[in-house]
Every structure is written in structure tokens, then in C-alpha cells.
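Indexing begins at 1, ligand by ligand and atom by atom, following the structure's order.
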Amino acid sequence: VKQVDLLGRLRDLVGGDALLTTADDKSPFLVDHRHLFHGAALAVVQPASTDEVSRLLALCNGVGIGVVPQGGNTGYCGGATPDASGRQIVLSLRRMDRIRSVDAANFSLVAEAGCTLAAVQAAADDAQRLFPLSLGSEGSCQIGGNLATNAGGTAVLRYGMMRDLALGIEVVLADGSVISALSPLRKDNTGYDFKGLMIGSEGTLGIITAACLKLFPQPRSVATAWISVPDPAAAIAVLGRLRDASADRVASCELVPQSALDLVLAQMPGARSPGTTPAPWYLLIELTSSGNDDLDPLLESALAGAIEAGDALDAAIARSGEQRDDFWRLRESIPESQRRAGGSLKHDISVAVAAVPALIERGARLAADLVPEGFLVAYGHAGDGNLHFNVNQRPGTDPVTFRSREPALQRAIHDLVATMGGSFSAEHGIGQLKVGELERYAQPAELAAMRAIKQALDPNGILNPGKVLRGSAL
Ligand code: FAD
Ligand code: 2HG
Ligand code: ZN
């Protein structure tokens with residue numbers, strides 16, 4: 001088909017307002033959040049219903065046009081950015097933003113893919129329920145993007161990742177056929193785990209249009225502490241102690257180095273120091289319970305034990321909602337303050353929780369050797385064994401030299417993680433950023449199985465071409 005004919009057919013399908021073709025209108029959709037990837041597109045299409053998505057894919061499959069799904073565009077791996085050919089279309093889910101139903105008695109709700117994570121959390125809250133997925137980007141990321149990346153975040157320790165939080169899913173396949181499996185069943189062993197396959201497939205196997213999500217009782221009691229610790233080994237010991245002492249009511253366990261706290265306090269106006277004894281490392285730990293428990297005294301006495309044992313140096317327990325929010329804001333602002341401070345080299349890695357201290361020790365040595373212009377900002381979801389092992393540029397050093405260190409550092413860190421039985425992509429996915437890494441570290445049989453699945457579900461290769469797996473140029 002000629003370009004004009006295709007645009008005309010897309011316009012007929014979604015309506016003129018939902019089809020963006022001018023450079024100005026398209027531009028926000030053509031660059032990723034971190035400005036690592038810049039693409040081009042024939043058009044940005046914004047369908048309003050599953051039926052429109054279905055007809056759109058049938059059309060693109062028929063004429064061989066690549067389709068790049070995009071949610072909130074907050075992803076870290078360039079998965080939602082089209083290539084530079086200008087022949088692909090971006091399919092934005094932003095108009096599909098209805099909460100279709102809430103079933104408080106079944107602890108579930110059905111949301112369309114374009115609902116922001118914050119909107120889903122609010123809908124659960126209105127029904128006196130909790131949707132626990134929690135990310136720094138929750139105001140703009142979308143539930144479809146969360147599903148497509150199998151997002152993690154700060155409550156995984158208690159509630160699991162996105163894959164653990166979906167009961168059902170509605171997906172449009174490459175040929176336009178719709179699989180509507182939105183049932184709220186908690187038990188269903190009928191055949192392959194199709195939902196599990198779609199979740200985390202980053203738009204390469206189907207377009208997710210809606211999902212039935214798992215809700216939980218709301219926490220009635222919360223206790224939050226900012227804890228100074230001497231080193232990562234002590235931090236992991238404190239986590240173990242608190243899990244024991246609290247009958248496993250630890251919901252979040254985030255590790256923050258002094259370097260990250262310094263960045264936040266320097267870069268974010270209004271950021272308040274947590275007020276604990278300065279230390280090389282900190283833990284942000286939150287206990288929650290759906291009962292009316294008095295968690296503060298419990299946390300206090302467990303932390304007193306940790307201080308006595310030398311695992312903690314000092315701790316502050318949040319005495320108000322405001323102080324709790326301050327602690328969390330310090331943690332959630334680390335990515336933004338890293339960005340404001342200049343260049344950063346990022347790794348999203350995981351190992352077994354007990355191996356986190358060894359990973360930091362060995363990784364820190366590599367970073368110091370390989371990036372003399374940088375300093376380590378390794379932080380994150382220590383309770384899940386997942387670190388954002390990042391290196392920031394030191395002020396006054398040459399940005400080009402700093403950036404040139406990235407390939408060698410990445411190779412060294414990912415090789416280290418592989419020797420420790422860990423993952424080079426814990427929660428952010430593959431996108432276009434890590435296609436080569438997947439080829440390097442996946443087992444050959446695993447990679448072959450992934451390619452076979454892609455070929456079976458998307459034989460013309462129209463779905464997010466070149467993401468996750470190298471693909472033909474569509
Ligand atoms: P996008 O960036 O738009 O897309 C991501 C991928 O999903 C792309 O491959 C895209 O093609 C595909 N996709 C999007 N929607 C669909 C759909 N409906 N159907 C099929 N494919 C689709 N991530 C974490 O896991 N944990 C964190 O703690 C975390 N914190 C963050 C903090 C900040 C400040 C920022 C900016 C990002 C953070 N992220 C985190 C990364 C990001 O927010 C998540 O990956 C999120 O799940 C992406 O959602 P999105 O809607 O923005 O997806
Ligand atoms: C977080 O946990 C995000 O804050 C972003 O996953 C991590 O910027 C990063 O490296
Ligand atoms: Zn994270």
C-alpha cells in the first residue's frame with residue numbers, strides 16, 4: 001500500500017483526532033524517557049477500544065507495517081521507541097483508560113491498558129482495597145506497560161511482581177484476533193500459561209488491552225524506618241532480623257548509599273535529611289499489616305537489637321505520615337537526582353538476596369578500576385536481591401571519556417552477575433537496549449525457544465520489531 005492509502009485507512013479506523021502525523025504531534029512519542037533512543041514513525045495511532053486495536057493490527061499485519069506499542073513511555077530500555085526508518089507506527093494505549101469493573105468481594109478489578117498505575121491504585125483505594133504495585137513512575141506509567149515489562153518496584157518483597165498480580169488478561173494478537181481471558185479465577189490450569197507468556201513480552205507477542213488485577217486488604221498499620229548501617233552485609237542481616245521479629249510483615253526493603261542521599265539532598269529542592277547518623281549505607285524499611293497492630297514498638301525493639309548487635313548504627317522511625325512520605329521521597333527521587341547531576345551508567349541487576357553484599361563489593365572494585373571519572377550510586381530493591389548498580393560522573397571530569405567507559409563496565413558487571421548466577425535484567429526488561437545481552441547470556445536452547453514462540457505468534461514480525469529479539473527490518 002502507498003503511504004497515503006495506509007494513513008487514510010488508519011484515519012478511517014480510529015478517526016482523524018486519534019491519528020497524529022505532524023512532526024510536532026509525533027515528537028513526544030519518538031524519544032524514550034532517558035533520551036537514549038530517538039526514532040521516527042509514519043504516524044502515532046491512538047485507538048479507543050479493543051475492537052479498534054484488533055482492526056488496526058489486522059490491517060498492519062496484512063500490509064507488513066511494524067507496530068510499536070507505547071504506554072506511559074517511562075521504560076528504561078527503549079522498548080516503546082520506534083526505529084529510525086519512519087515506516088513503523090506507534091500504537092499509543094493512552095485513550096484506553098477506563099476501569100471496566102471493580103469487584104471488592106473478589107479482591108479484583110478490570111482495568112484497560114492505558115490506565116495509569118496511579119489511577120488503578122486509586123480505584124482500588126476507593127473500594128477499600130490495595131493494588132500494591134508501586135513505582136517511582138506511577139503517575140505516568142500505564143498498567144499495560146507494567147504488564148508488558150513485568151514491572152517490579154518497591155513492594156515486590158511482600159506482593160511479587162506484575163506477573164504475580166494479574167489474574168486475567170485481554171490481548172490482541174498480530175493478526176488481529178482477540179484473546180479475552182479476563183476471568184478473575186485464582187485457580188485455572190487449562191493449558192499453557194498464556195497470560196504469563198504475554199506478561200513481560202514487551203509488546204513483541206501481542207498488544208495487551210486490559211487485565212484483571214489482584215487486590216489485597218488495605219494496610220491498617222504501617223511503620224517505616226530510615227536506618228543507618230555500616231555496610232551491605234549488615235543491611236541484609238537487619239532485613240533478616242526484621243522479617244523474623246515482625247512475623248514477616250516487612251513489605252519494602254530498599255538500600256540507599258550515602259552517595260545517593262547526597263545527590264538527592266543536593267539536587268532536589270525541599271528534600272529533607274532523614275536525620276539519622278551519617279553512614280555509608282542506609283536501609284528504608286516498611287512494615288505493614290492489615291490488622292490494627294502497633295508496629296512502631298515492634299520495629300523499635302527489633303532495631304534496638306540490631307544496634308546492639310552492631311548491624312545498625314542508628315535509626316529513625318517515621319512519627320507522622322509526612323515524615324514517612326519524606327523518607328519515601330528521598331528514595332524515589334534518586335533516579336531524577338542522578339539525571340540532574342549529569343551522566344550516569346546504569347545496570348539493573350539481581351542476585352540471591354544473601355549474595356548482595358558480595359555483588360556490591362566485587363562490582364565496586366570493577367567500577368573504580370574501569371570508570372575513574374565516576375562514583376558508585378548502587379541502590380534499590382535489596383530485599384529482592386535487585387540493585388540499580390549505577391555510576392555517576394564526577395563533577396569536572398570529561399563527559400565523553402566518562403560515557404566511553406560504558407561498554408567495558410557493562411560487560412564486566414554483567415559477566416560478574418552471570419558468574420554469581422544472577423540476572424542482567426531484573427525488572428526493566430530488554431527492549432532494544434539489551435538485545436545483545438540476551439543473546440550473550442541466555443542459554444542457546446532458551447533463545448531458540450523464544451524465537452520459535454515469536455515466529456509462531458507473529459509470523460510476519462510486525463509486533464515491536466527488533467525488541468527483545470533481533471528481528472527483520474519492519
Ligand atoms: P512504556 O515505556 O510505554 O513501554 C514499555 C514496554 O512495554 C515497551 O516495550 C512497549 O512497547 C511495551 N508496551 C507498553 N504498553 C503495552 C501494551 N499495552 N501492550 C503491549 N506492550 C506494551 N520499573 C520497575 O520495574 N521498577 C521500578 O521501581 C521502576 N521505577 C521507575 C522510576 C522512574 C522515575 C522511572 C522513570 C521509571 C521506573 N521504572 C521502574 C521503569 C518503568 O516505569 C516501568 O518499566 C513501567 O512498567 C513502564 O510502563 P510504561 O507504561 O511507561 O511503558
Ligand atoms: C528505581 O528503582 C527505578 O528507582 C529506576 O527502577 C532505577 O534509574 C534507575 O536506575
Ligand atoms: Zn527499581
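- Classification of Glu406 and Arg403 as a salt-bridged pair holds, one side-chain N sitting under 4.0 Å from a carboxylate O.
- Counting only heavy atoms of the protein, atom 23 (N) of ligand 1 lies nearest to His428 CD2, 3.5 Å.
- Those atoms of ligand 1 with a heavy atom of Gly206 less than 4.0 angstrom away are 20 (C).
- Between Arg98 and Glu112 there is a salt bridge, since a side-chain N of the basic residue sits under 4.0 Å from a carboxylate O of the acidic one.
- For Asp32, no heavy-atom contact with ligand 1 is shorter than 4.0 Å.
- In this structure, CZ on Arg34 lies 7.5 Å from CG on Leu433, to the nearest 0.5 angstrom.
- Under 4.0 angstrom from ligand 1, there are no non-hydrogen atoms of Glu332.
- When non-hydrogen atoms are compared, ligand 1 lies under 4.0 Å from neither the backbone nor the side chain of Met162.
- For atom 17 (C) of ligand 1, the choice among Val172, Leu205, Ile208 with the nearest heavy atom turns out to be Ile208.
- Contacts of Ala251 classified as side-chain contact (heavy atoms from CB on, under 4.5 Å), with partners at least two apart in sequence or in another chain: Arg158, Thr288.
- The aromatic ring centroids of His414 and His347 lie less than 6.0 Å from each other.
- With respect to atom 25 (O) of ligand 1, the closest heavy atom belonging to the protein is Gly152 N, 2.9 Å.
- Annotation for ligand 1: atoms under 4.0 Å from non-hydrogen atoms of His381 are 28 (O).
- Protein neighbours of ligand 2 below 4.0 Å, counting non-hydrogen atoms: Tyr76, Arg331, Pro335, Lys346, Tyr379, His381, His388, Asn390, Glu427, His428.
- Of the protein's non-hydrogen atoms, the one nearest atom 50 (P) of ligand 1 is Gly72 N, 3.4 Å.
- Between Glu202 and Lys467 there is no salt bridge, since no side-chain nitrogen of the basic residue lies less than 4.0 Å from a carboxylate oxygen of the acidic one.
- The shortest contact between atom 31 (C) of ligand 1 and any protein heavy atom is with Ser137 OG, 3.8 Å.
- Protein atoms that are N, O or S and lie under 2.8 Å from the Zn ion (ligand 3) are these: His381 NE2, His388 NE2, Glu427 OE2.
- Pairs passing the salt bridge (Lys or Arg N to Asp or Glu O under 4.0 Å) check and including a residue from residues 333-355, sequence neighbours excluded, read Glu336-Arg339, Glu336-Arg340.
- Regarding atom 12 (C) of ligand 1, its nearest protein heavy-atom neighbour is Ala148 CB, 3.6 Å.
- The single protein non-hydrogen atom nearest to atom 46 (C) of ligand 1 is Asn146 ND2, 3.5 Å, given as residue, atom name and distance.
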